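Written below as structure tokens is the structure these notes are about.
Lettering follows sequence order; numbering is per chain, from 1. Basis for what follows: all heavy atoms, side chains included, without hydrogens, waters or symmetry-related copies. Predicted model only: the values in this text are computed from it and were never measured.
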2 protein chains.
Amino acid sequence: MSRKVTIHDIARELNTTVSTVSRALNDHPAISTNTKTLVRDMAKKLNYSQNRLASSLRSGKTYNIGILIPSAELHFFGSVVHGIEKVLNENGYNILLYQSGEQYNQEVKGVQTFLQSQVDGIIASIAFETKNFDHFLEIKKQNKPLVFFDRSNSELKVPSVTIDDYKGGYIATEHLIKQGYRRIAHISAKQRIKIFEDRLRGYKDALKAYGIAVNEDLIAYGDVSLESGKECTALLLSKKPDAIFAVEDFTALGALQKLKESGVDVPGKIGIIGFANESFSQYVTPSLSTIEQQTIKMGEEAARLFLELADKEKRYASAPNTIVLDPILLARESSRRKKA
Amino acid sequence: MSRKVTIHDIARELNTTVSTVSRALNDHPAISTNTKTLVRDMAKKLNYSQNRLASSLRSGKTYNIGILIPSAELHFFGSVVHGIEKVLNENGYNILLYQSGEQYNQEVKGVQTFLQSQVDGIIASIAFETKNFDHFLEIKKQNKPLVFFDRSNSELKVPSVTIDDYKGGYIATEHLIKQGYRRIAHISAKQRIKIFEDRLRGYKDALKAYGIAVNEDLIAYGDVSLESGKECTALLLSKKPDAIFAVEDFTALGALQKLKESGVDVPGKIGIIGFANESFSQYVTPSLSTIEQQTIKMGEEAARLFLELADKEKRYASAPNTIVLDPILLARESSRRKKA
DNA sequence: GTGAAAGCGCTAACAG
DNA sequence: CTGTTAGCGCTTTCAC
């Protein structure tokens, strides 16, 4: 194996010094165009490739940024990562990826690894399990850009991009009301997670706003899964709901399947709406009404927040910039009531 | 901002030298247990965090490996990345992620970035657009581990993990035959991509194996999308097929929707099977029979191939280790013919 | 078992 | 416009 070619080699060939070569390669203004072309041609000729480790070690900038997600297996996160990478890449940054698997310990390890790798910033979505936030505070302490997406924590005063889950719950419920449904049930989540609680609040407030009393009997608490959707629906059936707003699409799908098994007409007898617009939602029968979360946009906005933060000197001095994306109602067949 | 604490700080506090500290931190055998605890305690006390750039620059190992995929937006790749990251992370490696967006130029840029970042290896899935493979050869030339998954190129003689698309096409078709279907159509892809061609070959061979003549009229060429599935199905309908094997699930879904619109009973009149087991496939009505590709396992195997390669001295001397995963038939409702 | 010293490949004052 | 010099923070011979 031939030794790696460095700027020293280029300098030697050209009878100049490494500083000139370095500057030429970095398009420094104080270098003559002639020297630049000379250096670049020689670099190409020698098949030179910069060692970013050395460059970063010296300059203090890596142009790497860490992305911490619960799991790449979930389409939601893959989609957000896609959006982030696209924007960041256009701005010369590269991505280090770490999965927490929803585990606190893994999340901490991820942050430490990123910090040791001297990333220029971190974009993260907090694991369900996480109750202690010292690892995130450490990032702030090092004055490195930190941005949260989807799962944030307002006490940390960190920029974030989330969607308005409250509004999502509200418009989902409102849509059902406008379709003429009145006994609207909600399948929520047992876990005390902010996004689920917000959707629940939105549900309740929409009912109130339209003069419908909130009936706790019509609220079931599942564990965010298709199976749980089926079980909760079975329980709810005795309460005679005429519509179900499920906390997310898998739960909604479970509800849909249970109703079909029970011979209940959807949306004629009971309407259904979910949340998240999973990839299957538009393809099931009847197609599932749901709330779109704008995942790619979320990623793009998170990346922009990062870039903004990276430019600022006093990063965490003022109140953090928090972007709240609007949820979008996708009214499909499962909640479209036939004209009475 | 307080200056970063380095091993010099630890050495000074302990009245020793950086070499001792470095060795202690790296659990070098020639350091007394006593010194090790002393050093570690001090490191903790000073809130020391290793600078991996410096370590890597000196040692020549980064423990970073580059993953190059077409797009994180596609669930297939997110899932494979999940499998890769899990295994690699357990072995002390971290992941740099790059998306080619199916574009040759981006792919080349990704490889260059990885190389500049001095990654310890690269795991990649080739972009559709790529016809020139010099960037991959450069990785081999630098004697760095390179592993392909799903989309490989046998001429490059690089270890890979793929699934047996030929066999997938074969068992899908065989399944339809065993269900009693005889005029089995196939919706293939216009693009001359190996995986699609393999599925087509499998289809043809299965027919022949069961004494059914291949009828080119029953083969349509679409562009791998739901819409295309609908169009091709509309065309095929005049040829009176009694079953359709679609090149992948979106196409199969298009076929399914078209048939439902046309009032054709599935699977009674026409059976359908797809390929890929997309997340929606089990949830559509009727549930879609398909071929499972074992995505997470693919990622795990790719990671293992990498680890294996990383251990070898003469990496590309012998024939590359190519793992071919078995496709798994998922016989669901869309191809289950009622007993005649 | 520990220390001294060199240097990985690059950037960035400071000079000139 | 170009050269000299001094490191970035760490690992790793080679001594002792």
Side-chain angles (χ1 to χ4, degrees), chain A residues 1-40 42-43 46-64 92 113 115-120 142, chain B residues 1-40 42-43 46-64 112-113 115-120 142:
Chain A
M1 259 180 83
S2 48
R3 243 191 75 277
K4 273 249 147 202
V5 10
T6 74
I7 50 174
H8 288 94
D9 300 314
I10 300 179
R12 195 182 327 108
E13 293 290 322
L14 258 30
N15 266 315
T16 177
T17 61
V18 289
S19 24
T20 302
V21 173
S22 172
R23 282 190 274 247
L25 255 17
N26 289 310
D27 208 18
H28 191 107
I31 295 284
S32 71
T33 340
N34 184 40
T35 313
K36 281 181 186 171
T37 35
L38 240 46
V39 168
R40 282 174 191 156
M42 184 53 72
L46 297 181
N47 194 23
Y48 168 77
S49 169
Q50 191 198 42
N51 184 329
R52 289 183 57 180
L53 292 180
S55 165
S56 298
L57 178 61
R58 182 62 236 252
S59 71
K61 254 184 100 61
T62 58
Y63 287 98
N64 282 161
T113 306
L115 259 18
Q116 291 180 171
S117 300
Q118 315 299 119
V119 293
D120 288 349
Q142 295 197 14
Chain B
M1 259 181 82
S2 49
R3 243 193 73 279
K4 273 248 145 201
V5 10
T6 74
I7 50 174
H8 287 95
D9 301 314
I10 300 177
R12 195 181 328 105
E13 293 290 322
L14 257 31
N15 265 316
T16 177
T17 60
V18 289
S19 15
T20 302
V21 173
S22 172
R23 281 190 274 247
L25 256 16
N26 290 309
D27 207 19
H28 191 106
I31 295 284
S32 71
T33 342
N34 185 39
T35 312
K36 280 182 186 171
T37 35
L38 242 45
V39 168
R40 282 174 193 155
M42 183 55 70
L46 299 181
N47 194 23
Y48 168 77
S49 169
Q50 190 197 43
N51 184 329
R52 288 184 56 178
L53 293 180
S55 164
S56 298
L57 178 59
R58 182 61 236 250
S59 71
K61 255 184 100 59
T62 58
Y63 287 98
N64 282 161
Q112 286 172 347
T113 306
L115 258 19
Q116 291 179 172
S117 300
Q118 315 298 120
V119 293
D120 287 349
Q142 294 198 13

Quiz item: Counting just side-chain N and O atoms, does A/Ser32 come under 4.0 Å of either OP1 or OP2 of D/dT2?
Solution: yes
Self-check item: Phosphate-side-chain proximity, B/Gln50 and D/dT11, N/O vs OP1/OP2 below 4.0 Å
Solution: yes
Practice problem: Look only at the side chain of B/Arg52 and the backbone of B/Thr62, and say whether a donor-acceptor pair between them is shorter than 3.5 Å. | Solution: yes
Self-check item: Candidate nucleotides D/dT13, C/dG9, D/dC1, ranked by approach to the side chain of A/Lys4 - the nearest
Solution: C/dG9
Practice problem: Return no unless some side-chain N or O of A/Thr16 is found under 4.0 Å from OP1 or OP2 of D/dG3. | Solution: yes
Practice problem: Output yes when at least one side-chain N/O atom of B/Ser19 is less than 4.0 Å from OP1 or OP2 of C/dT2, else no. | Solution: no
Quiz item: Does B/Ser59 reach the main-chain N or O of B/Lys61 with its side chain, forming a donor-acceptor pair under 3.5 Å?
Solution: yes
Quiz item: So which nucleotide from C/dA13, C/dA4, D/dT11 ends up closest to the side chain of B/Asn26?
Solution: D/dT11
Quiz prompt | Rounded distance in Å - CD1 (A/Ile7) to P (C/dA12) | solution = 11 Å
Practice problem: Return no unless some side-chain N or O of B/Thr20 is found under 4.0 Å from OP1 or OP2 of C/dG1. | Solution: no
Quiz prompt | Among D/dC10, C/dG1, C/dT11, the nucleotide that comes nearest once only the side chain of A/Val18 is considered | solution = C/dT11
Quiz item: Which one, C/dT2, D/dG9, D/dT11, comes nearest to the side chain of B/Ser22?
Solution: D/dT11
Quiz prompt | Whole-Å gap separating P (D/dT11) and CD1 (B/Ile10) | solution = 11 Å
Quiz item: Is there a side-chain polar atom (N or O) of A/Ser55 under 4.0 Å from OP1 or OP2 of C/dT11?
Solution: yes
Practice problem: Identify which nucleotide among D/dC14, C/dG7, C/dC10 has an atom closest to any side-chain atom of B/Arg58, counting heavy atoms from C-beta outward. | Solution: C/dG7
Quiz item: Does the C/dG3 base have a donor-acceptor partner in the side chain of B/Arg23 within less than 3.5 Å?
Solution: yes
Self-check item: Below 4.0 Å: OP1/OP2 of D/dC8 and any side-chain N or O of B/Asn51
Solution: no
Quiz item: Which part of the nucleic acid does A/Ser56 contact within heavy-atom distance under 4.0 Å: base, sugar-phosphate only, or nothing?
Solution: nothing
Self-check item: Contact under 4.0 Å: B/Thr17 side-chain N or O vs C/dG3 OP1/OP2
Solution: yes
Practice problem: Would you name the heavy atoms of A/Tyr48 and A/Val5 that are closest together and state the gap between them? | Solution: CD1-O, 3.4 Å
